[in-house]
Amino acid sequence: MGFLSCADEIKPRIQLGEIMKISEDKTTNDNEKYIYINASFELPEELKNKDLALFSSYIKSADKVWINGTYIGSSGKFPPHPFGNGVRAHYYFIPKAALNQNKENKLLIKVWVSNYKMISSDMFIGEVEDALKKYAYKTFYTSKVNMFFSGLMFVVFLIYWTMFFSLKKSTKCNDYMIFALLNIHTLMFNVPFYAMELPTISALNVSYLWFLKIFFCYGAMGAVYFANSFIIHFMKYDVSRKTYHLRYGITSLCTLFVFCAPSMKALTFIGPIAFLINLSHFAITIPYLYKGLKDPERFHNARKILKGFAPVIVSIFFDLMLRLIVRQKNLPFFTVYGWQITILVFLQYILTEYNRMYLKNTELTNRLSEFNENLEEIVAIRTKELQDTNYVLSKGIEAVSNVQNNFLPQKTSQFIGWDLAVTYTPISDNVSGDLYDYYTNNHRLEGMGIFDVSGHGITAGLMTILAKGIISQNFETGLEQNASLNDVMHNINETYIKEKLNVENYITGLLFRFGTINKKEECTVECVNAGHPYPLLYSAKTKKITEIKPSVANEQYGMIGIEGLNVSFSPTVFKMNKNDILICFTDGITETKNERNMEFGTNKIKKIVCDNADLSSHKILEKIEKSFRNFSDIDHLKDDTTLIVLKRNNSKDYIEEL
């Protein structure tokens, strides 16, 4: 007999954990496997001639109990439709008539286990009041608390699921959907803790194995998945499709492994392994949390994540201490309660954020109401201000447009040995950020340039006016001083940076210098490129068209007008013979897209030039323009467009215009 007092040494108890013996029934199969718990004891004087009770902290499978051959109760369901008790506490009333007051008593407990041998050592026989108190206490923190939180989580699920569907058309509210699914999966995980408290569960012919797979195992997998999703979305990160599929695949495979477990024994082995693998979600999520702590815009939310998960982290550590160091296995898993507290913390976060949004919307609504009351007066004032501003702006645009139209050279010109044609189209108000120019001396073409100022509108237009003067002056000075074209472009860059002051616009462009046409009708051309699209050169001899690039890719780099930027304008030198054609353009031509989101590109230009190389520059330009119009909606262009076609003619055929 093993008689021990309770901790406060008031209530007498017969502690069965030290005296019970367990034997197996080996005649049954795995699905109907039983064990028997036997204990023999004599009643101490304090417990004689009293009604007693049997208390057990848990017997996770189904059981039936006898005292001295008298059946006193059962819990769970035996085969053919077995159903376990989970962590539910047990209480069985033992009438004094069933007890031997002065001789040995025999306790027999038949347990269906199916290789699921989890029986608490916290089992005793004592006074009814003592057992009932212990039963009520144990039931409260293992069943009632979890049932209460499950009810709360179901309400939260309904609220946030409804909020998601009602708000998803007007705002980004994935947080609500993820939090709703996190609650419903946590609820599923909690169900086995109080399942036997629900009469509908025990009345169903449900396999306990599949009940644990669906609720306990899948609920845990889903809770981990949506907890990590919530962390990522709470910090306002968007995951890549690859990361999404990886995370979804991990949870799906772990759940599949669990669902394939053929028996309770297999589930007790596969389940923990699958759950540990599923925890690898945190290996994906923690880097996002780490980045969030370093990002000033996300630091506040990242710190909330750490605070919110503090209860479950502390409870995990506490459980590990109790079970691995203290070896205390009869206490509940505090991690379950820590997780529920974490859910409540995030519920408070989301409610606070929703309340903030509600107050902000209320304030905006009030302001809108006040605004509507004074709308007519405000509209009149704003209309007058807008009219005045538009008048000034229109005059400014008109002035810039007039200057540009006056300083740009003719679009079609003949020079000794050259035939030139230009198309130039601003996107609005005749003010353009594109610039072209050519430099002549006694009907001889000495140079040509095409440039593109960043931005649009009046600012870009003003910068073209400034740039034209700087480029022309430096080109002419370079000719007089026999300076290299590289030095000319560097001087243009330095002067433009100095003259434009605090304006942020930069310029890309091409600058050409043409040599004297020799007796073989051959001309040497020198070109420097400042970050502009490569020009094209058609060879009449080979019938081929190529891009003009430096021999070494890194010889030319940089743009004009960016202070502190290291630039290089190394010249590219090539020759042009009779009937060769040079084509230059701004990116407004090549990067224009059609309704199928395809760019115009350079291939169409190349084909038109090759197919029509025998025509004049003006005719070639017209065919390119026609192709461009057919390709795109020219009434809704997004950038200014400039295209230059320069063809080498026989210098002897030149006739001076009158």
Side-chain angles (χ1 to χ4, degrees), residues 397 400-413 420-438 448-465 467-468 471 505-512 529-538 545 547-548 559-560 581-609 612 616-647:
I397 291 175
V400 174
S401 176
N402 290 335
V403 172
Q404 282 192 327
N405 289 332
N406 290 328
F407 76 53
L408 291 175
Q410 295 181 9
K411 294 183 178 180
T412 303
S413 298
L420 183 144
V422 180
T423 179
Y424 165 82
T425 307
I427 57 173
S428 63
D429 300 313
N430 292 320
V431 176
S432 173
D434 284 2
L435 167 67
Y436 72 92
D437 203 358
Y438 43 85
M448 180 180 72
I450 181 171
F451 297 88
D452 185 358
V453 177
S454 63
H456 305 292
I458 191 168
T459 303
L462 289 171
M463 289 301 103
T464 61
I465 296 172
K468 183 183 186 302
I471 295 167
N505 298 74
Y506 61 87
I507 304 175
T508 67
L510 298 168
L511 189 60
F512 297 89
N529 190 330
H532 201 78
Y534 294 121
L536 304 176
L537 178 63
Y538 171 80
I545 190 168
E547 292 181 335
I548 300 173
M559 295 167 285
I560 299 169
I581 305 171
L582 179 64
I583 307 97
C584 311
F585 40 82
T586 56
D587 58 12
I589 296 282
T590 55
E591 294 181 4
T592 292
K593 295 181 179 181
N594 62 8
E595 59 186 10
R596 291 180 295 174
N597 206 36
M598 297 174 61
E599 290 187 348
F600 185 71
T602 59
N603 288 334
K604 294 181 179 62
I605 298 175
K606 291 177 181 179
K607 187 175 187 307
I608 292 170
V609 173
N612 301 276
S616 67
S617 62
H618 179 68
K619 294 294 184 182
I620 295 172
L621 187 68
E622 283 184 341
K623 290 185 177 294
I624 297 174
E625 282 187 297
K626 181 179 179 181
S627 175
F628 184 72
R629 286 195 301 270
N630 293 336
F631 176 84
S632 60
D633 182 1
I634 60 173
D635 293 329
H636 296 89
L637 294 177
K638 296 182 179 180
D639 198 0
D640 308 311
T641 58
T642 302
L643 176 70
I644 301 175
V645 178
L646 180 65
K647 186 173 183 179

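Quick note: numbers below take in every heavy atom, side chains included, and nothing from hydrogens, waters or symmetry partners.
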Heavy-atom check, side chain of [X] versus side chain of [Y], under 4.5 Å:
{"X": "His618", "Y": "Glu622", "value": "yes"}
{"X": "Leu582", "Y": "Ile548", "value": "yes"}
{"X": "Val645", "Y": "Thr423", "value": "no"}
{"X": "Asn630", "Y": "Lys626", "value": "yes"}
{"X": "Ile605", "Y": "Ile589", "value": "yes"}
{"X": "Met448", "Y": "Leu646", "value": "yes"}
{"X": "Pro535", "Y": "Phe512", "value": "yes"}

Looking at every heavy atom in both [X] and [Y], which two are closest together, and how far apart are they?
{"X": "Ser627", "Y": "Lys604", "result": "OG-CD, 4.2 Å"}
{"X": "Phe451", "Y": "Ile560", "result": "CE2-CD1, 4.1 Å"}
{"X": "Phe585", "Y": "Pro533", "result": "CE1-CB, 3.8 Å"}
{"X": "Phe631", "Y": "Lys593", "result": "CE2-C, 4.0 Å"}
{"X": "Ile507", "Y": "Ala467", "result": "CD1-CB, 3.7 Å"}
{"X": "Ile581", "Y": "Ile620", "result": "CD1-CD1, 3.6 Å"}

Stepwise side-chain contact (heavy atoms from CB on, under 4.5 Å) check, Ile583 with Ile545: CA-CA 10 Å; Ile583 307 97; Ile545 190 168; 4.0 Å; yes
Donor-acceptor contact below 3.5 Å, side chain Asn505 vs main chain Val453: no
To the nearest 0.5 Å, tell me how far [X] [atom1] sits from [Y] [atom2].
{"X": "Thr586", "Y": "Tyr424", "atom1": "OG1", "atom2": "OH", "result": "10.0 Å"}
{"X": "Ile471", "Y": "Leu435", "atom1": "CD1", "atom2": "CG", "result": "5.0 Å"}
{"X": "Asn612", "Y": "Ser617", "atom1": "CG", "atom2": "OG", "result": "12.5 Å"}
{"X": "Lys607", "Y": "Asn603", "atom1": "NZ", "atom2": "CG", "result": "11.0 Å"}
{"X": "Asp437", "Y": "Ile450", "atom1": "CG", "atom2": "CD1", "result": "11.5 Å"}
{"X": "Asp452", "Y": "Met559", "atom1": "CG", "atom2": "CE", "result": "11.5 Å"}

Tyr506 atom OH, over 12 foreign heavy atoms within 6.0 Å: no
Atom NZ of Lys606: over 12 foreign heavy atoms under 6.0 Å: yes
Asp434 vs Thr642, side chain to side chain donor-acceptor pair (under 3.5 Å): CA-CA, chis, key distance, verdict: CA-CA 7 Å; Asp434 284 2; Thr642 302; 2.9 Å; yes
Derivation and outcome, side-chain contact (heavy atoms from CB on, under 4.5 Å), residues Leu643 and Phe628: CA-CA 11 Å; Leu643 176 70; Phe628 184 72; over 6 Å; no
Check against side-chain contact (heavy atoms from CB on, under 4.5 Å), Glu547 and Leu536: CA-CA 5 Å; Glu547 292 181 335; Leu536 304 176; 3.6 Å; yes
Audit row: Tyr438, Ser413, side-chain contact (heavy atoms from CB on, under 4.5 Å) steps and yes/no: CA-CA 10 Å; Tyr438 43 85; Ser413 298; 2.8 Å; yes
